[in-house]
Peer 1: 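One structure follows; several queries about it will come next.
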Amino acid sequence: MSILIDGNTRVICQGITGKAGTFHSLGCRDYGTKMVGGVTPGKGGHDVDGIPVFDTVEEAVQQEGANATMIFVPPAYTSDAIIEAVDAGIKVIAAITEFVPVLDMVRVYRKVRESGSVLIGPNCPGLITPGECKIGIMPGYIHQKGKVGVMSRSGTLTYEAVWQTSNLKLGQSTCVGLGGDPIVGTNYIDLFKLYQEDDQTEAILMIGEIGGSAEEEAAAYVKEHVTKPVAAFIAGRTAPPGKRMGHAGAIISGGKGTAVEKVAALEAAGIVVAPTPADMGQAVADAIAKHS
Amino acid sequence: MKIHEFQGKQLFRQAGVPVLEGHVARTADEAAAAFKKLGGSIAVVKAQIHAGGRGKGTVIDNPTQKGVVIVKSAEEARAAAAGLLKKKLVTIQTGPEGKTVNRVFVEAGCDIARELYLGIVIDRSACKPVLMVSSEGGVEIETVAEKTPELIFKEPFNPAYGLDAFQVRKLCKKLNVNGPAAKSAATFFTSICQFFVDYDCSMAEINPLVITSDGLMVALDAKIIFDDNALFRHPDLLELRDWSEEEPSEVRASDAGLSYVKLDGNIGCLVNGAGLAMSTMDIIKYHGGNPANFLDVGGGANAQQVTEAFRILLSDPNCKGVLVNIFGGIARCTTIASALIEASETIGFTVPLVVRLEGTEVEEGRKMLAESDVDIISAVDITDAAKKIVAAVK
């Protein structure tokens with residue numbers, strides 16, 4: 001098995017007629033994803049290279065049995081698109097869009113969490129179960145079906161980690177890009193729960209970065225509840241305080257959220273921490289070796 | 001986006017958040033006139049820069065000149081303004097180079113009974129904005145958070161409903177604010193939370209927040225950061241932006257859709273993705289080098305952006321070499337390779353260039369570089385790249 005998505009997942013794209021929406025919908029279909037439709041208000045009845053376009057998510061669910069969506073609508077409309085997907089009963093929502101206002105996310109966060117839907121993102125690359133289903137913008141070929149559950153707040157750094165685990169022939173069960181914003185729909189702990197329950201996942205790689213306290217909270221959770229081998233990397237060890245490093249969340253403020261604190265918390269929880277970004281794959285191998 | 005204290009207070013006044021009367025001055029004469037206009041026997045002249053710690057900060061070459069001065073006459077106001085305007089003020093937040101003071105704010109004095117602290121931020125764990133207050137006002141809140149965290153009181157609130165009345169009562173009880181001051185606090189706390197939501201702030205801080213001797217709660221400071229992603233909803237706020245407060249190379253990068261932060265090392269970095277960019281800085285440092293910047297060209301980098309990125313990197317006189325680290329996803333390696341070739345032809349590289357390409361269309365991209373005239377040192381992975389650039393700048 002895998003987590004959240006597999007070969008049976010029926011995916012739509014909200015914003016499919018936009019440039020990025022079209023490009024990545026076709027990219028996902030080429031990978032093997034069941035792209036069953038797209039949604040652009042006012043463009044219902046058209047198609048994008050054979051993929052039917054609907055006016056509302058509800059129609060896509062009723063007519064195509066969609067149960068997952070990737071969102072490429074502009075930032076001002078992203079929170080509305082998320083709520084529309086929740087309202088239509090979509091189970092897995094990946095919001096790829098970046099630059100979403102943070103208070104919009106505060107407003108939708110609770111609605112999503114109280115629903116039966118899972119929101120990944122915003123400002124994320126999406127998620128992929130190698131060989132079965134790709135929902136998002138990651139290059140498919142670097143992935144390999146396998147045993148490592150990968151989760152990250154960053155996009156290209158996830159590719160780096162995935163590439164390393166593929167080169168070591170460990171492969172991945174499901175990779176999830178959580179998103180780089182201060183408020184995202186799904187956090188590390190949510191995924192640790194899923195990976196822990198998943199038979200295919202034999203080890204877990206968590207890629208964190210400076211800022212906030214999500215990594216520390218995850219470390220405490222791992223210590224209590226996760227029995228599988230866990231490896232981690234923290235980006236931004238050399239970032240100076242007070243400077244925002246691209247991601248809205250990645251900032252050391254008031255002496256909090258430093259890499260040193262995070263690494264200490266992770267190591268205290270028995271997690272193998274990669275000293276450099278070149279060692280992420282090896283850290284997983286080490287965690288597996290240490291565990292057996 | 002940051003704004004000045006005097007701008008923040010104008011917005012506070014419109015939103016019903018109590019502030020004192022004050023006037024902006026760009027010259028010493030204007031400061032003297034502002035004192036007279038206020039009509040009191042005491043006023044405060046405050047340097048307007050985008051940095052905290054102004055009260056303890058001092059002017060370069062004149063350590064007796066503080067950034068905030070209490071004055072008791074128009075002449076004293078004139079002298080204080082003259083000592084600050086066009087001078088560089090150094091505070092704990094400006095760095096040793098300081099920031100030029102282009103304006104002062106001349107504000108009425110008041111009789112202070114107590115100094116408190118107030119801040120609102122987005123609590124990432126609670127996924128809500130949170131109002132934080134402390135009885136320890138006037139000092140650095142980081143120090144309070146470290147030494148006496150029990151003196152900081154927090155109430156998260158839902159942006160749709162704002163702060164509830166019972167939350168105000170809880171905070172007043174903990175702060176030991178009673179009588180007329182508690183009534184004033186109810187207005188203050190509620191209106192500042194509403195302000196935070198209405199203007200899409202990502203941070204609001206008032207330190208100190210004071211209670212006057214007649215029981216009125218007043219904002220003596222106003223430090224506000226707006227959520228850049230929400231500025232499309234507030235076109236009026238864009239007029240408040242003070243470009244002179246921002247690092248020119250960072251403004252230039254932002255105009256080109258690049259995320260750039262200048263640092264003090266000598267290895268320029270050009271990377272796609274924020275996490276990978278941070279990690280690239282980390283591995284350079286791990287192998288004994290020092291990054292000159294953080295630069296994320298973003299997911300869909302095009303030739304113009306990459307060329308502009310090179311211009312920015314090479315305009316830094318400290319930059320002795322450049323490391324390009326690209327893991328193509330949306331951005332294809334071929335796009336980056338042709339942009340590199342174009343940049344080399346239009347601006348010319350005067351420093352060593354190490355390139356590591358991986359991801360979408362990597363083989364074609366590498367081939368394009370190999371067949372071009374661009375003088376590059378190619379690297380097979382991130383470690384190899386870091387070692388090569390560190391060696392090249394030595």
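Lettering follows sequence order; numbering is per chain, from 1. Because only heavy atoms are used, hydrogens play no part in the values below, and waters and symmetry mates are left out as well, while side chains stay in.
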Peer 1: Would you say that R107(A) contacts V197(B) through its side chain, given a criterion of any heavy-atom pair below 4.5 Å between the two side chains?
Peer 2: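 A side-chain contact under 4.5 Å exists here.
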Peer 1: Once you round to the nearest 0.5 Å, how far does CG of L103(A) lie from CZ of R233(B)?
Peer 2: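 Here the interatomic distance stands at 7.5 Å.
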Peer 1: Looking only at non-hydrogen atoms, find the nearest pair between P101(A) and N229(B) and report the distance.
Peer 2: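 Heavy-atom minimum between the residues: CG-O, 3.5 Å.
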Peer 1: To the nearest 0.5 Å, tell me how far T276(A) OG1 sits from K285(B) NZ.
Peer 2: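 Rounded to the nearest 0.5 Å, the OG1-NZ separation comes to 15.5 Å.
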Peer 1: Top residue by heavy-atom pair count (under 4.5 Å) with chain B, among F23(A), W163(A), F233(A), Y109(A)?
Peer 2: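 Top option by heavy-atom pairs under 4.5 Å: W163(A).
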Peer 1: How long is the gap from CD1 on I283(B) to CG on D279(A), to the nearest 0.5 Å?
Peer 2: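 CG of D279(A) is found 7.0 Å from CD1 of I283(B).
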Peer 1: For the residue pair S125(B) and S213(A), what are the closest heavy atoms and their distance?
Peer 2: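 The answer is OG-OG, 3.6 Å.
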Peer 1: At a heavy-atom separation under 4.5 Å, does I137(A) approach chain B through its side chain, its backbone, both, or neither?
Peer 2: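 Looking at I137(A), backbone and side chain both touch chain B.
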Peer 1: Check each atom of A76(A) against the heavy atoms of chain B and say whether the ones under 4.5 Å are side chain, backbone, both or neither.
Peer 2: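 A76(A) touches chain B through backbone and side-chain heavy atoms alike.
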Peer 1: If you count heavy-atom pairs under 4.5 Å between each of V271(B), L276(B), D282(B) and chain A, which one has the most?
Peer 2: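 The answer is D282(B).
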Peer 1: Are any non-hydrogen side-chain atoms of R110(A) and C127(B) less than 4.5 angstrom apart?
Peer 2: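 Touching, per the 4.5 Å side-chain cut-off.
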Peer 1: What part of L263(B) gets within 4.5 angstrom of chain A, counting heavy atoms only: side chain, backbone, both, or neither?
Peer 2: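 Contact with chain A is through the side chain of L263(B) alone.
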Peer 1: Nearest 0.5 Å, what's the CG-CD1 distance between D181(A) and I122(B)?
Peer 2: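 These two atoms lie 11.5 Å from each other.
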Peer 1: Within the supplied structure, the quantity of interest is the number of heavy atoms (other residues, nucleotides, ligands) at a distance under 6.0 Å from K262(B) NZ; does it exceed 12?
Peer 2: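 Yes.
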Peer 1: Do N290(B) and T238(A) have side chains that approach each other closer than 4.5 Å (heavy atoms only, starting at C-beta)?
Peer 2: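 Side chain of N290(B) against side chain of T238(A), heavy atoms only: no contact under 4.5 Å found.
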Peer 1: Heavy-atom cut-off 4.5 Å, strictly under: side chain, backbone, both or neither for I207(A) against chain B?
Peer 2: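 Contact with chain B involves no heavy atom of I207(A) at all.
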Peer 1: Does atom OH (Y77(A)) have a neighbourhood of more than 12 heavy atoms from anything else shown, all under 6.0 Å?
Peer 2: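 Counting other residues, nucleotides and ligands, OH of Y77(A) stays at 12 neighbours or fewer.
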Peer 1: Considering only heavy atoms, which portion of F327(B) lies under 4.5 Å from any heavy atom of chain A: side chain, backbone, both, or neither?
Peer 2: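 F327(B) touches chain A through backbone and side-chain heavy atoms alike.
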Peer 1: Examine whether an atom of A126(B) lies under 4.5 Å from a heavy atom of chain A, and if so say whether it belongs to the side chain, the backbone or both; otherwise answer neither.
Peer 2: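 Backbone only.
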Peer 1: To the nearest 0.5 Å, what is the distance between CG (D227(B)) and CE (M105(A))?
Peer 2: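 So the CG of D227(B) and the CE of M105(A) are separated by 12.0 Å.
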Peer 1: Should the heavy atoms of other residues, nucleotides or ligands under 6.0 Å from NZ of K128(B) be counted, would the total exceed 12?
Peer 2: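 Yes, NZ of K128(B) has more than 12 neighbouring heavy atoms, counting only those of other groups under 6.0 Å.
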Peer 1: Side chain from CB out, backbone as N, CA, C, O: work out which of these in V362(B) comes under 4.5 Å of a heavy atom of chain A, or both, or neither.
Peer 2: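 When you check distances to chain A, only side chain atoms of V362(B) fall under 4.5 Å.
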Peer 1: Hey, could you give me the CD1/OG1 distance between I326(B) and T156(A), rounded to the nearest 0.5 Å?
Peer 2: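 If I round to the nearest 0.5 Å, the distance is 8.5 Å.
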Peer 1: Can you tell me which portion of E250(B) sits under 4.5 Å from chain A's heavy atoms? Options are side chain, backbone, both or neither.
Peer 2: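 The answer is the side chain of E250(B).
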Peer 1: Based on non-hydrogen pairs under 4.5 Å, which of L295(B), D381(B), T360(B) is most in contact with chain A?
Peer 2: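 Ranked by heavy-atom pairs under 4.5 Å with chain A, first place is T360(B).
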Peer 1: What part of V100(A) lies closer than 4.5 angstrom to a heavy atom of chain B: side chain, backbone, both or neither?
Peer 2: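 Backbone of V100(A) only, per the 4.5 Å heavy-atom cut-off to chain B.
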Peer 1: Scan side-chain atoms only and decide if E160(A) and S279(B) contain a donor-acceptor pair under the 3.5 Å cut-off.
Peer 2: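 Looking only at side-chain atoms, S279(B) and E160(A) do not form any donor-acceptor pair under 3.5 Å.
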